[in-house]
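Down below is the structure, laid out as structure tokens.
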There are 2 protein chains.
Amino acid sequence: MIISTKGRYALRIMLDLANHSGEKVKLKDIASRQEISEKYMEQIIAVLNKAGYVRSTRGARGGYQLVKAPKEYAVGMILRLTEGSLAPVECLSENALSCAREKKCAAVELYQRIYDAVNDVIDTTTLQDLLDIEQEKTKRE
Amino acid sequence: MIISTKGRYALRIMLDLANHSGEKVKLKDIASRQEISEKYMEQIIAVLNKAGYVRSTRGARGGYQLVKAPKEYAVGMILRLTEGSLAPVECLSENALSCAREKKCAAVELYQRIYDAVNDVIDTTTLQDLLDIEQEKTKRE
DNA sequence: TTAATTCCTATTGACTTACTAGGAAATAGA
DNA sequence: TCTATTTCCTAGTAAGTCAATAGGAATTAA
């Protein structure tokens with residue numbers, strides 16, 4: 001049960017953009033700050049862009065910026081977009097094909113509880129919350 | 001974020017054994033009831049056996065049985081044994097090597113919340129709970 | 001002695017992950 | 001208009017994981 005680099009990097013990209021609101025931020029700058037491969041980041045931010053979570057400006061002096069305020073982005077939106085469903089098992093995913101043992105399967109109840117618990121956390125935590133945590137952490141240093 | 005067949009099958013094996021408490025259950029019977037490859041199951045039950053969660057009897061008329069009562073097995077024990085840590089990210093696992101950005105990383109707080117939520121569910125649900133759910137489900141059919 | 005069963009180890013095909021690579025398209029500024 | 005800068009698009013790839021399959025050794029009841 002793992003959140004891959006795709007989702008984690010997406011979160012860090014969004015956080016980085018949130019930390020530079022108002023500016024057009026170049027991918028190169030995010031990459032150097034976050035120490036992530038620029039080329040790999042391109043692919044990840046492309047997804048965020050297509051979904052309308054960030055706005056891009058092409059060409060020289062171009063860059064990316066957030067479309068909405070940080071508190072408008074639940075981390076669940078970002079993780080689901082980049083990772084796909086965070087369901088612990090396939091059969092709970094949106095597009096799941098029905099399972100033959102569905103009717104008598106006891107375990108699916110357990111999986112649903114796990115799923116609910118995870119969804120609750122990621123849907124009630126926003127980018128702004130992470131910003132606050134970050135600030136708190138650097139203050140403490 | 002997925003619980004693989006290893007963990008899911010382990011759960012079903014344990015449930016199957018729980019449904020036949022007192023008997024020595026042959027792998028072949030579990031395999032046919034659960035429609036799981038017998039050879040694959042061997043590998044999974046071997047882990048459960050080594051951990052002492054089941055007791056095996058070798059040779060003709062041998063089989064497996066649970067060591068303790070179903071309510072003594074939290075599903076977390078079984079899943080962690082077969083899946084490894086259910087931490088959403090590597091850095092939260094037991095044996096994780098320390099991360100350079102640990103001190104300022106805001107996201108780790110999120111991951112910890114997810115981890116806590118998952119652990120809470122799997123540590124408070126036992127095999128007996130699943131048995132009860134199963135009974136409830138078949139009664140309703 | 002035989003049949004039935006668990007135990008042990010190796011191999012494999014398909015898939016996923018985390019990139020790398022190369023260049024096309026767009027745009028600001030000279 | 002030209003050039004440097006930046007995003008956009010697509011393809012490839014090495015390493016690792018998953019979900020088995022395979023074959024046979026060891027053990028035991030009858």
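All chains are named by letter (A, B, ...) in the order of the sequence lines, taking the proteins before the strands, and each is independently numbered beginning at 1. Computed over heavy atoms, backbone and side chain alike; hydrogens, waters and symmetry mates excluded.
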Salt-bridge test for B:Lys137 and B:Glu141: reply yes if a basic N is under 4.0 Å from a carboxylate O, no otherwise.
no

Do you know which of A:Asn19, A:Leu127, A:Val75 makes side-chain contact (heavy atoms from CB on, under 4.5 Å) with A:Met14?
A:Leu127

In chain order, what residues pass the side-chain hydrogen bond (donor to acceptor under 3.5 Å, both in side chains) check against A:Asp16, with sequence neighbours excluded?
A:Arg33, A:Gln34

Whole angstrom is fine here: how far is it from [atom1] in [X] over to [atom2] in [N]?
X	N	atom1	atom2	result
A:Ile44	C:dT20	CD1	P	12 Å
B:Ile2	C:dC15	CD1	P	14 Å
B:Glu90	C:dT17	CD	C1'	14 Å
A:Gln43	D:dT13	CD	P	15 Å

Ignoring hydrogens, what is the shortest heavy-atom contact between B:Val67 and B:Val54? Give both atom names and the distance.
CG2-C, 3.7 Å

B:Gln135, CD atom: more than 12 neighbouring heavy atoms under 6.0 Å
no

Salt bridge (Lys or Arg N to Asp or Glu O under 4.0 Å): which pairs involve residues 96-116 of chain B, sequence neighbours left out?
A:Glu35-B:Arg101

Which residue pairs pass the salt bridge (Lys or Arg N to Asp or Glu O under 4.0 Å) test with at least one member in residues 68-80 of chain B, sequence neighbours excluded?
B:Arg80-B:Asp123

What residues 9-42 of chain A contributes to the DNA chain C interface at heavy-atom separation below 4.0 Å is A:Tyr9, A:Ser37, A:Lys39, A:Tyr40

Report the residues that fulfil side-chain contact (heavy atoms from CB on, under 4.5 Å) with B:Ser37, sequence neighbours left out, ordered by chain and then residue number.
B:Lys39, B:Tyr40

Indicate whether OP1 or OP2 belonging to C:dT17 is found under 4.0 Å from a side-chain N or O atom of A:Ser4.
no

Note: contacts of residues 47-64 of chain B with DNA chain D (heavy atom, under 4.0 Å) are B:Arg58, B:Gly59, B:Ala60, B:Arg61

